[in-house]
Amino acid sequence: MGGGPRLDGGRPADVLAARRAAGERARARPPGVCGSARHGRGGPCRRPRSDHRRGGRALASRADERDGPPHPAAGRVRVPARARHAVAGRHQRGARARPHVQHRRCGAVHQRAARRHPPPAGTRMTTTEDSDQVLQRRANLEELRRLGVAPYPNRFDRQATVAEIVSAHGGKSAEELDAARITTRTAGRILAIRSFGKANFLVLGDGQARIQVYIREDSLPARDFRIFKLLDFGDWVGVEGRLFRTKTREFTVWASRLEFLAKCLLPLPEKWHGLTDVEIRFRQRYLDLIVNPEARQLFELRSRAVTAIREFLVARGFLEVETPMLQSLPGGALARPFVTHHNALDVPLYMRVAPELYLKRLVVGGIERVFEINRNFRNEGMSAQHNPEFTMLEFYWSYADYTDLMSLTEDLLVDVARQALGADELQYGDRAISLKAPFRRLRLREAVRAAASRRLGVEVAEGDLRARDRAAALAARLGIEVTPGMEAGAITVDIFERLCEDELVQPTFVHDFPTEVSPLSKQTQDDPETVERFELYVAGMEIANAFSELNDPAEQRRRFEAQLSARAAGQEQTHALDEDYVRALEYGMPPAAGAGIGIDRLVMLLTNSHSIRDVILFPLMRPR
RNA sequence: GGCCGGGUAGCUCAGUGGUAGAGCAGCGCACUUUUAAUGCGCGGGCCGCGGGUUCGAUCCCCGCCCCGGUCACCA
């Protein structure tokens with residue numbers, strides 16, 4: 001993710017997150033940090049300069065060692081004390097440590113490893129199953145079993161979440177905590193271990209908050225302290241203890257009991273830099289969520305936004321429904337569908353590209369206000385703004401037209417921003433965006449006319465966009481290629497996309513589209529070549545597409561037929577003729593307006609994310 | 001699909017035509033309020049995969065795989 005400054009809204013106990021956020025802030029102020037973009041693939045280096053200095057010193061001292069006498073223990077097989085009591089895996093590791101070095105030259109070890117774990121060709125393993133760290137963790141698990149500790153118990157009687165404890169008592173002073181003697185039982189994943197022999201600290205995280213746990217040998221049953229000695233970074237534990245503050249004022253649980261809850265067998269990413277490799281973050285989102293608190297916060301924000309949309313619409317009498325995703329005729333949008341097949345029926349089926357035609361059937365059925373928030377699938381190119389499956393809100397509103405929709409859309413966006421962000425202004429990249437209503441309204445042909453005039457230095461008339469050959473000539477002068485099948489309207493939209501989209505930073509309704517590119521929209525009253533349709537642009541992204549719905553079945557049939565002839569004329573992407581949809585309209589659909597809002601792009605906007613993959617938990621990746 | 005950048009230890013990253021490095025993580029020792037704990041010591045690498053050039057390739061060349069960016073296609 002591009003780093004959402006909005007997302008680090010302070011949780012006092014979230015020490016590591018706060019520190020990382022401090023690093024983020026420091027990145028904006030070069031003096032404190034390395035700032036080099038050279039050795040990172042995801043932006044400038046976040047490490048403090050002292051890191052590099054320390055690295056340099058360590059390097060120097062290593063060189064010194066090389067010149068000195070060899071260490072007396074060099075060449076001996078070490079069997080660490082921790083492994084001595086009983087851990088078979090450790091003995092094996094110790095025993096094979098030396099041979100491994102010798103065999104490295106002849107390749108014997110490599111061959112053996114390759115036979116056991118043949119790596120897929122051309123890929124990189126993110127975890128090595130028999131690495132030292134994994135063996136160590138397995139050994140610790142076995143040792144727990146030997147102690148009679150169930151390594152995967154069935155339940156734990158948690159009294160409070162970490163977040164609940166922090167919010168209930170995290171504001172209390174040391175004196176208040178000592179006087180109150182509050183005992184609690186909580187649980188979470190170990191995110192840090194700081195050990196001092198008899199005094200030890202864990203940082204426990206439950207996904208929403210983090211809390212420190214103080215482990216003292218003489219405060220715990222011997223069994224529990226033995227458990228502690230076998231813990232690894234990432235294990236799940238339950239803790240019972242009294243709340244207090246350490247000398248350094250850190251809010252802490254003084255553990256009197258420790259329960260083992262589950263083992264983390266694989267080493268986790270680093271505590272300080274976290275996980276930045278975007279490929280691993282997307283493919284193994286669970287790792288991202290474990291170590292990057294801002295990832296969790298982003299998806300919580302996304303959830304809040306969706307909830308806000310739902311509540312907004314329900315409060316206005318809209319009924320939430322679910323319509324088919326498997327369709328025998330994909331319609332409602334111009335897009336290439338995913339094709340599949342139903343075995344029992346032996347028919348081809350398509351993943352839907354839009355729910356539109358089904359939702360309007362429901363309007364025909366008398367559901368006057370209806371909406372659906374769900375997935376659409378389009379078998380097309382992927383980009384920072386396109387994932388093959390994406391989430392869309394569509395809603396339909398009887399007796400309203402597209403001007404009503406503009407007002408409702410404004411209200412909806414402001415409400416969502418306030419619910420999700422607590423503000424109606426946001427920062428996207430280097431630009432401040434205000435979501436305050438009313439949004440700017442701009443006729444499509446006016447937007448194109450103005451942009452083209454500016455670009456060419458001569459006045460372009462609206463008439464230049466009405467006739468096919470004049471529009472094509474204009475496109476040619478602008479250096480935009482036009483295919484033979486394109487009519488004036490399609491050319492106008494093409495020019496708009498090339499010249500205007502990027503400039504629409506503040507929320508703007510671009511409205512009144514050519515009829516020919518809007519086969520489901522209703523014409524304006526005074527101009528049959530123009531429809532009552534708008535698209536909402538924010539930060540150069542198309543966020544919404546909406547129109548007064550065409551409900552004249554004869555006109556709808558003509559529009560579908562025009563699509564068919566456009567296809568015959570060579571245009572690849574056209575709407576199919578949906579006979580049942582036309583039949584539904586023949587039963588009568590009340591005047592209505594409908595809108596589609598891309599939820600992923602909206603969340604990108606709200607979280608200052610510049611790739612759609614940042615806001616989708618499991619974006620599509622090429623399978624490995 | 002074209003072009004550009006990248007793939008080195010579990011993670012974050014340096015580096016070189018001549019036996020591969022750091023920090024964190026791991027292991028050992030010390031340490032009873034730490035917090036990127038600290039100090040000392042020790043392990044850990046098919047340098048994405050395959051071929052070529054070379055006495056010798058992680059490095060140079062060719063092909064492939066995967067990721068990112070960008071353009072094109074595509075709404």
Side-chain angles (χ1 to χ4, degrees), chain A residues 15-16 19-20 23 38-42 45-48 51-52 54-59 62 65 71-74 76 78-83 90 93-94 97 100-101 104-105 107 109-111 113-114 119-128 131-137 192-201 203 212 214 216-219 232-233 244-250 252 254 266-280 282-283 287 291 333-336 353 378-386 493 497 517 535 542 545 572-573 611 613 621-622 624:
Chain A
V15 179
L16 296 175
R19 203 161 285 134
R20 214 173 278 114
R38 200 167 42 84
H39 49 265
R41 56 193 148 202
C45 177
R46 284 191 286 166
R47 280 196 283 180
D51 252 12
H52 295 262
R54 194 154 64 183
R57 277 205 304 273
L59 206 66
R62 249 200 86 266
E65 283 161 31
H71 189 272
R76 238 179 43 211
R78 294 174 63 88
V79 181
R82 193 157 148 186
R90 292 288 293 158
R93 175 187 166 249
H100 182 80
V101 172
R104 201 152 49 170
R105 285 203 185 89
V109 170
H110 294 159
Q111 282 169 13
T123 64
R124 187 164 63 101
M125 306 281 284
T126 56
T127 52
T128 311
S131 76
D132 274 4
Q133 296 199 41
V134 176
L135 291 176
Q136 179 62 41
R137 284 163 182 261
I193 302 175
R194 292 184 285 274
S195 198
F196 295 80
K198 294 198 180 67
N200 307 273
F201 297 90
V203 174
Q212 179 170 266
Y214 179 48
R216 232 177 110 133
E217 182 160 15
D218 56 13
S219 298
D232 286 299
F233 182 41
F244 77 113
R245 275 187 193 280
T246 62
K247 277 180 194 164
T248 51
R249 320 296 296 167
E250 177 83 9
T252 304
W254 189 319
L266 302 177
L268 290 175
E270 195 204 349
K271 60 184 173 183
W272 178 243
H273 296 95
L275 183 67
T276 60
D277 184 320
V278 292
E279 184 173 355
I280 300 177
F282 295 159
R283 286 187 192 272
L287 286 179
V291 301
L334 271 184
R336 197 172 4 215
V353 296
R378 298 188 182 176
N379 199 347
E380 289 166 355
M382 296 161 64
S383 76
Q385 289 182 21
H386 299 83
V493 170
E497 286 171 359
V517 297
E535 290 183 349
E542 180 191 333
N545 179 18
E572 281 184 26
Q573 294 284 315
S611 168
R613 294 177 158 203
M621 304 287 279
R622 186 179 293 276
R624 285 203 147 159

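Just so you know, these numbers use all the heavy atoms, side chains as well, and skip hydrogens, waters and symmetry mates. Residue numbers begin at 1 in each chain, while the letters A, B, ... track the order of the sequences. As the structure is a prediction and not an experimental result, all values here were calculated from the model.
In this structure, of B:C27, B:G44, B:C11, it is B:C11 that holds the atom nearest to the side chain of A:Ile280. Residue A:Ala199 has its side chain nearest to B:U32 when only B:U32, B:C11, B:G43 are considered. Here the side chain of A:Lys247 is nearest to one of B:U34, B:G26, B:G43, namely B:U34.
With sequence neighbours left out, A:Glu542 forms a salt bridge (Lys or Arg N to Asp or Glu O under 4.0 Å) with no residue at all. Legend: residues meeting salt bridge (Lys or Arg N to Asp or Glu O under 4.0 Å) with A:Arg613, ordered by chain and number and at least two apart, are absent. The salt bridge (Lys or Arg N to Asp or Glu O under 4.0 Å) check on A:Arg245 picks up nothing, with sequence neighbours excluded. A:Phe244 pairs by the ring pair (Phe, Tyr, Trp, His ring centres under 6.0 Å) definition with A:Tyr214, A:Trp254, not counting sequence neighbours.
In this structure, A:Phe201 packs face-to-face on the six-membered ring of B:U34, meeting both the 5.5 Å centre cutoff and the 30° plane limit.
Here A:Arg283 reaches the OP1 or OP2 of B:C67: one of its side-chain N or O atoms lies under 4.0 Å away. For A:Arg622 and B:C67, the shortest distance from a side-chain N or O to OP1 or OP2 is below 4.0 Å. In this structure, A:Thr246 does not reach the B:U34 phosphate: none of its side-chain N or O atoms is under 4.0 Å from OP1 or OP2.
When the C1' atom is used for both B:G10 and B:G68, the distance is 22 Å, rounded to whole Å. B:C67 and B:G56 have their C1' atoms separated by 32 Å, with the value rounded to a whole Å. Using atom C1' as the reference point in both B:A36 and B:C29, the two lie 22 Å apart (nearest Å). Only the C1' atoms considered, B:G51 is 16 Å distant from B:U58, to the nearest whole Å. Rounded to a whole angstrom, the distance from the C1' atom of B:U19 to that of B:C27 is 25 Å. Only the C1' atoms considered, B:G15 is 43 Å distant from B:U32, to the nearest whole Å. With both ends at atom P, the span from B:G41 to B:U16 equals 28 Å, rounded to whole Å. When the P atom is used for both B:A57 and B:C49, the distance is 15 Å, rounded to whole Å.
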Any N/O pairs under 3.5 Å between the protein and nucleotides 70-74 of chain B? List them or say none.
{"unit_1": "B:C74", "atom_1": "O2'", "unit_2": "A:Glu380", "atom_2": "OE1", "d": "2.8"}
{"unit_1": "B:C74", "atom_1": "O2'", "unit_2": "A:Glu380", "atom_2": "OE2", "d": "3.0"}

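Note that CG of A:Asp232 is 9.0 Å distant from CD of A:Gln133, once rounded to the nearest 0.5 Å.
Judged by distance alone, with hydrogens and angles left aside, the side-chain atoms of A:Arg336 form no donor-acceptor pair with the main-chain N or O of A:Glu380 at under 3.5 Å.
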Q: Fill in the dot-bracket string of RNA chain B, one character per base: . for unpaired, | for a pair to another strand, ( ) or [ ] for pairs within the strand, taking Watson-Crick or G-U pairs under 3.5 Å.
A: (((((((..((((....[..)))).(((((.......))))).....(((((..]....))))))))))))....

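A donor-acceptor contact under 3.5 Å is not formed by the side chain of A:Glu217 with the base of B:U32.
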